[in-house]
Amino acid sequence: MKPYEIHNMIIDDDFDGEEYVTTDFTHENQIYSITFRKADLEIINTWLFQGDGTSLPANLSEYIVESIREDVKKSI
């Protein structure tokens, strides 16, 4: 079983001249978002969403990032 659950995946076509994939997921009872460049799945940003509606840059383990990257690769 994976240590996270993906809830949503959005592919932004031609946003600012490039395509991006944003994935929202839950890990350890917290909600995160990670955006990859679609062409090479390079990380653009990662966010941790707080209960009060604010967000902070997230510090995710390499294992989580690579696992989500593989899930995104399979989905696109």
Side-chain angles (χ1 to χ4, degrees):
M1 185 171 174
K2 295 182 181 183
Y4 60 87
E5 181 180 352
I6 293 177
H7 299 283
N8 193 29
M9 189 178 305
I10 299 170
I11 299 174
D12 294 328
D13 295 326
D14 294 323
F15 176 77
D16 198 27
E18 292 199 47
E19 295 179 332
Y20 299 95
V21 179
T22 300
T23 305
D24 299 330
F25 62 98
T26 304
H27 172 61
E28 295 181 351
N29 296 318
Q30 294 186 305
I31 300 170
Y32 292 88
S33 178
I34 185 168
T35 301
F36 298 99
R37 186 177 307 120
K38 185 179 176 189
D40 58 6
L41 296 180
E42 186 68 32
I43 294 176
I44 301 302
N45 59 44
T46 58
W47 296 101
L48 167 62
F49 296 103
Q50 303 289 300
D52 62 0
T54 60
S55 59
L56 301 169
N59 185 14
L60 296 166
S61 73
E62 190 63 29
Y63 171 77
I64 295 291
V65 171
E66 286 302 318
S67 187
I68 291 174
R69 184 178 278 132
E70 286 301 314
D71 286 345
V72 168
K73 190 184 300 185
K74 290 175 190 174
S75 295
I76 60 174

S.K.: Are any side-chain N or O atoms of T46 and backbone N or O atoms of A58, one a donor and one an acceptor, separated by less than 3.5 Å?
M.R.: yes
S.K.: Check this for me: L41, atom CG, are more than 12 non-hydrogen atoms of other residues, nucleotides or ligands nearer than 6.0 Å?
M.R.: yes
S.K.: Distance from N8 atom CG to I31 atom CD1, nearest 0.5 Å?
M.R.: 11.5 Å
S.K.: For a quick test of reading the model, state the closest non-hydrogen atom pair linking F25 to I6 and the distance between them.
M.R.: CB-CA, 3.8 Å
S.K.: Transitively linked via ILVMFWY side-chain contacts under 4.5 Å: I10 with I44?
M.R.: no
S.K.: Return yes when atom CG of N59 has more than 12 non-hydrogen atoms of other residues, nucleotides or ligands closer than 6.0 Å, and no otherwise.
M.R.: no
S.K.: Using side-chain contact (heavy atoms from CB on, under 4.5 Å) as the criterion, point out the one residue from T22, V72, N45 that pairs with F36.
M.R.: V72
S.K.: Give the cluster check for I68 versus V65: same hydrophobic cluster or not, with ILVMFWY residues linked at side-chain heavy-atom distances below 4.5 Å.
M.R.: yes
S.K.: Check whether any side-chain heavy atom of P3 lies under 4.5 Å from a side-chain heavy atom of H27, and answer yes or no.
M.R.: yes
S.K.: Evaluate W47 against L56 for side chain to side chain contact (heavy atoms under 4.5 Å, CB included), listing each step before the verdict.
M.R.: CA-CA 6 Å; W47 296 101; L56 301 169; 5.5 Å; no
S.K.: For D71, check salt bridge (Lys or Arg N to Asp or Glu O under 4.0 Å) against everything at least two apart and list the hits.
M.R.: K2
S.K.: Between F49 and V21, is there a shared hydrophobic cluster once you connect ILVMFWY residues whose side-chain heavy atoms come closer than 4.5 Å?
M.R.: no
S.K.: Could you please spell out the steps behind the side chain to side chain contact (heavy atoms under 4.5 Å, CB included) verdict for Y4 and T23?
M.R.: CA-CA 12 Å; Y4 60 87; T23 305; over 6 Å; no
S.K.: Spell out, yes or no, whether Y20 and I43 are grouped together once hydrophobic residues are joined by side-chain heavy atoms under 4.5 Å, including indirect joins.
M.R.: no
S.K.: What's the spacing between D13 CG and K38 NZ if we round to 0.5 Å?
M.R.: 5.5 Å
S.K.: Per the salt bridge (charged side-chain N to carboxylate O under 4.0 Å, His left out) rule, what does the pair list look like for residues 41-67, sequence neighbours excluded?
M.R.: E66-R69
S.K.: State which residues pass side-chain contact (heavy atoms from CB on, under 4.5 Å) with N29; sequence neighbours excluded, sorted by chain then number.
M.R.: none
S.K.: Hey, what do you get for CD (E70) to OG (S75), rounding to the nearest 0.5 Å?
M.R.: 11.0 Å
S.K.: Does a side-chain heavy-atom distance below 4.5 Å link D24 with Y32?
M.R.: no
